[in-house]
Number of protein chains: 2
Amino acid sequence: MNDIKQFLRSNALRPTKQRIVIAGYLFDGTDKHVTAESLSTELAKRKHIISLATIYNTLHDFYENGLLKKLTLSADRVYFDTNTDDHHHFYSEKEQFLIDINKNIKVNGLPKTPRNKKINKIEVIVHLDK
Amino acid sequence: MNDIKQFLRSNALRPTKQRIVIAGYLFDGTDKHVTAESLSTELAKRKHIISLATIYNTLHDFYENGLLKKLTLSADRVYFDTNTDDHHHFYSEKEQFLIDINKNIKVNGLPKTPRNKKINKIEVIVHLDK
DNA sequence: TATCAGTTTAGAATGATTCTAAAGTGTTGA
DNA sequence: TCAACACTTTAGAATCATTCTAAACTGATA
């Protein structure tokens, strides 16, 4: 609890009740993939009712501070990943199936980066099923 | 024109006025990346007013028939790619910058595919900028 | 050329996300 | 401890890409 407060403060985030609850859930040591909706549902199960607007705000605040990764898997919702290490994913849109690939994946044969651009990240999505 | 009709027929698509116009634009020999909106705009410039609903329908019909690839680049719109070969992309969300990587990219070090699943496709997105 | 299944379309509906602006709350300095 | 204020939260409205609906339209077939 106090460590969560410190954790938030050290990321320039004021430790409000809501952020403490959300951080407590997200950063409990196990990797998680959440959407705004799924996070809201999980917190509700734990009797923590937080408005969706705040959930969106908080996910973005955490993301902006590098505490979450944003995943671009399908066009109809945004996923956030508590595993911020460089890693990739298996994904099945149909089954909403999503698991980390933590192994060291190597992408070989990339052409030159376009002039005046810099690579921000390389995302490998292994789509399962059709 | 008649080749377009044949082309559509050979893909089990009835060659309607609208589909002929859209196919004529999309499959003119140059690779294109479009969204429903951008396609609508391009056609309008050419004095072809086609309802957005039809544009969505047609893009999906073409996609379902393997004439287009669907790209999952950002969460706020769907891109379709007329290059249906196995390839990847450089992408800058900020600049809406999108170019093909046709070189033979190799992804090494993938772990075992999850039990009972099959790999549909491997998508590599090289995100530029931050 | 009549018929009918497949298409197109305007407009409504949907659903995730963002915005607004008003009320609430950490934080700071005295 | 407390006043004061910037930062947050929130309900509800707004936005925007996309899908749906149901009525009008049009290729294809005989």
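No hydrogens, no waters, no symmetry mates; every other heavy atom, side chains included, goes into these values. Lettering of chains follows the sequences in order, A, B, ..., and the numbering in each one begins at 1. Owing to the predicted nature of the structure, the values given are computational and were not obtained by experimental measurement.
In this structure, B:Q96 places its CD atom 11 Å from P of D:dA17, rounding to the nearest Å. Separating the CG atom of B:L59 from the C1' atom of D:dT19 is a distance of 14 Å, rounded to the nearest angstrom. Between B:Y56 atom OH and D:dC16 atom P there is a gap of 13 Å when expressed in whole angstrom units. Remark: C1' of D:dG27 and CG of B:N11 are 17 Å apart, rounded to the nearest angstrom. Atom CG of A:D61 and atom C1' of D:dT8 are 9 Å apart (whole Å). The CG-P distance, from A:L52 to D:dA13, rounds to 15 Å in whole Å. The separation between B:K5 atom NZ and D:dA28 atom C1' is 12 Å, rounded to whole Å. Rounded to an integer number of Å, the gap from B:Y79 OH to D:dA17 C1' is 12 Å.
Not a single donor-acceptor pair under 3.5 Å links the side chain of B:D28 to the backbone N or O of B:G24. Counting only distance, with no hydrogens or angles, the side chain of B:D85 and the backbone of B:H87 share no donor-acceptor pair below 3.5 Å.
In terms of position along DNA chain D, the nucleotide closest to B:T35 lies nearer the 5' end than the nucleotide closest to the other residue of the pair B:R9 and B:T35.
Interatomic distance, CG of B:L73 versus NE2 of B:H89, reported as 7.0 Å (0.5 Å rounding). The CG atom of B:D86 sits 8.0 Å away from the CG atom of B:N104 when rounded to the nearest 0.5 Å. Once rounded to the nearest 0.5 Å, the distance linking CG of B:L26 with CD of B:E42 reads 10.5 Å. Between the CD1 atom in A:I125 and the CD1 atom in B:I125 there is a gap of 4.5 Å [rounded to 0.5 Å].
Between A:F62 and A:F27, the two ring planes are tilted [angle within 30° to 60°]. A perpendicular orientation is assigned to the rings of B:H60 and B:F80, their planes being inclined by more than 60° (bins at 30° and 60°).
Interface residues of residues 13-20 of chain A facing DNA chain C, ordered by number: A:R14, A:P15, A:K17; criterion, heavy-atom separation under 4.0 Å.
Contacts of B:D76 with the nucleic acid, taken as non-hydrogen atoms under 4.0 Å apart, involve only primed sugar atoms and P, OP1 or OP2.
A cation-pi arrangement is not found for B:K117 relative to A:F90, the charged atom failing to lie both closer than 6.0 Å to the ring centre and inside a 45° cone about the ring normal.
With a heavy-atom cut-off of 4.0 Å to chain A, the contacted part of DNA chain C has its first and last nucleotide at C:dA16 to C:dT27.
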